[in-house]
Amino acid sequence: MNVESKISAPVDEADDGWTVAGRSFRSRLIVGTGKYKDFAQNAAAVEASGAEIVTVAVRRVNVSDPKAPMLIDFIDPKRITYLPNTAGCFTGEEAIRTLRLAREAGGWELVKLEVLGEARTLYPDMVETLRATEILANEGFKPMVYCVDDPIAARRLEDVGAVAIMPLGAPIGSGLGIQNQVTIRLIVEGAKVPVLVDAGVGTASDASAAMELGCDGVLMNTAIAEAKNPVMMARAMKLAVESGRLAYRAGRMGKRRYADPSSPLAGLI
Amino acid sequence: MSLDGTIMIHLNGEHRRVREGITLAELAGELGLAPEKVAVERNLEVVPRSTLGEVRVEDGDELEIVHFVGGG
């Protein structure tokens, strides 16, 4: 083995994908497709992020302007997995109706369920979320579920058929970063399905923090779309998720309360 | 039903008159929509894409035609 290959391949990264509902992905970053200047910028950001899954919303076609550009003309659903969401739904029934249509529009079962409790905080309504998760799972859907950062609620979701637990790090669109690392870690430790922080990421270090806690992935939209340079931020998030994951796998050092010198004390002149 | 051979439906929340006997696939075509890019709900029931060419619109139908848009 020459020196170069020793340096370039010190870490086994090849096997580090993740699997949700039987589908395997390499990228641990899921990005939203809302709030971009235009579809072209959106597509460039998705490319830079390396994401293999994008979230999409389901809305009425503009029947007065059917030739208006469509998302699927810019982001190819054959190459990038569309994850239909239920953003804007405030009852289980609305969310279920939306996802039934999404399944017909796309032909897949993997969906993102979110049932919101109120417009001010966009916090999930967990009673409705649990109920809708169970109904969807019984209809053959594979729901990835946006939820509060509550380890007990997360377990309940898993019990009724959630294929991934997606706790918020902070309110949707707030960019405040992960507010409670303890609860996110507890959810990760308790879950048998993938855990992805969904909402609250503001910048790259927030994404790394989520991954260092052992999350399987991170889902974000506004942090990229509202950056001054969304494509550059998408690249930053890709690297942040990858480095956070590597740091988690590498196992961080223990914390000490006091200094510990890195250079040997023996042999001091 | 009316004398001019049209019926009244609700399409995406708006009143619209369409030809009597028109199928959902024909309606999508007249609207300029590619059926493979949309999903159709008729009176709160999803219409399977494979049957769009057979299902005929009836007077008073509530239709929703949706597609994927950007979202988080």
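In what follows, chains carry the letters A, B, and so on, assigned in the order in which the sequence lines appear, proteins first and then strands, with residues in each chain numbered from 1. Values below: all heavy atoms of this structure, side chains included; hydrogens, waters and symmetry mates excluded.
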Is the number of heavy atoms from other residues, nucleotides or ligands under 6.0 Å of [X] [atom1] greater than 12?
X        : atom1 : value
A:Arg131 : CZ    : yes
A:Glu139 : CD    : yes
B:Glu36  : CD    : yes

Parallel, tilted or perpendicular: rings of A:Tyr82 and B:Phe68 (30°, 60°): perpendicular
Verify, without hydrogens or angle tests, whether [X] (side chain) and [Y] (backbone) share a donor-acceptor contact under 3.5 angstrom.
X        : Y       : result
A:Asn42  : B:Gly70 : no
A:Glu104 : B:Arg49 : yes
B:Asn12  : A:Val63 : no

Which of A:Leu71, A:Ile75, A:Asn221, A:Val61 touches chain B most, by non-hydrogen pairs under 4.5 Å: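 Winner by heavy-atom pair count: A:Val61.
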Among A:Val54, A:Val58, A:Val56, A:Leu101, residue most engaged with chain B (heavy-atom pairs, under 4.5 Å):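 Highest number of heavy-atom pairs under 4.5 Å: A:Leu101.
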Under 4.5 Å from a heavy atom of chain B, the part of A:Asp73 involved: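 The side chain, not the backbone.
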Atom group of A:Lys35 that falls short of 4.5 Å from chain B, counting heavy atoms: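 Neither the backbone nor the side chain of A:Lys35 comes within 4.5 Å of chain B.
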Heavy-atom pairs under 4.5 Å with chain A, option from B:Gly71, B:Pro48, B:Ala34 with the top count: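 Looking at each of B:Gly71, B:Pro48, B:Ala34 in turn, B:Gly71 comes out on top.
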Side-chain ion pair, B:Glu41 and A:Arg97, N-O less than 4.0 Å: yes
From NE2 (B:His67) to CG (A:Asn62), nearest 0.5 Å: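 Here the rounded value is 7.5 Å.
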Nearest atoms (heavy-atom pairs only) where B:Lys37 meets A:Met70: CD-SD, 3.9 Å
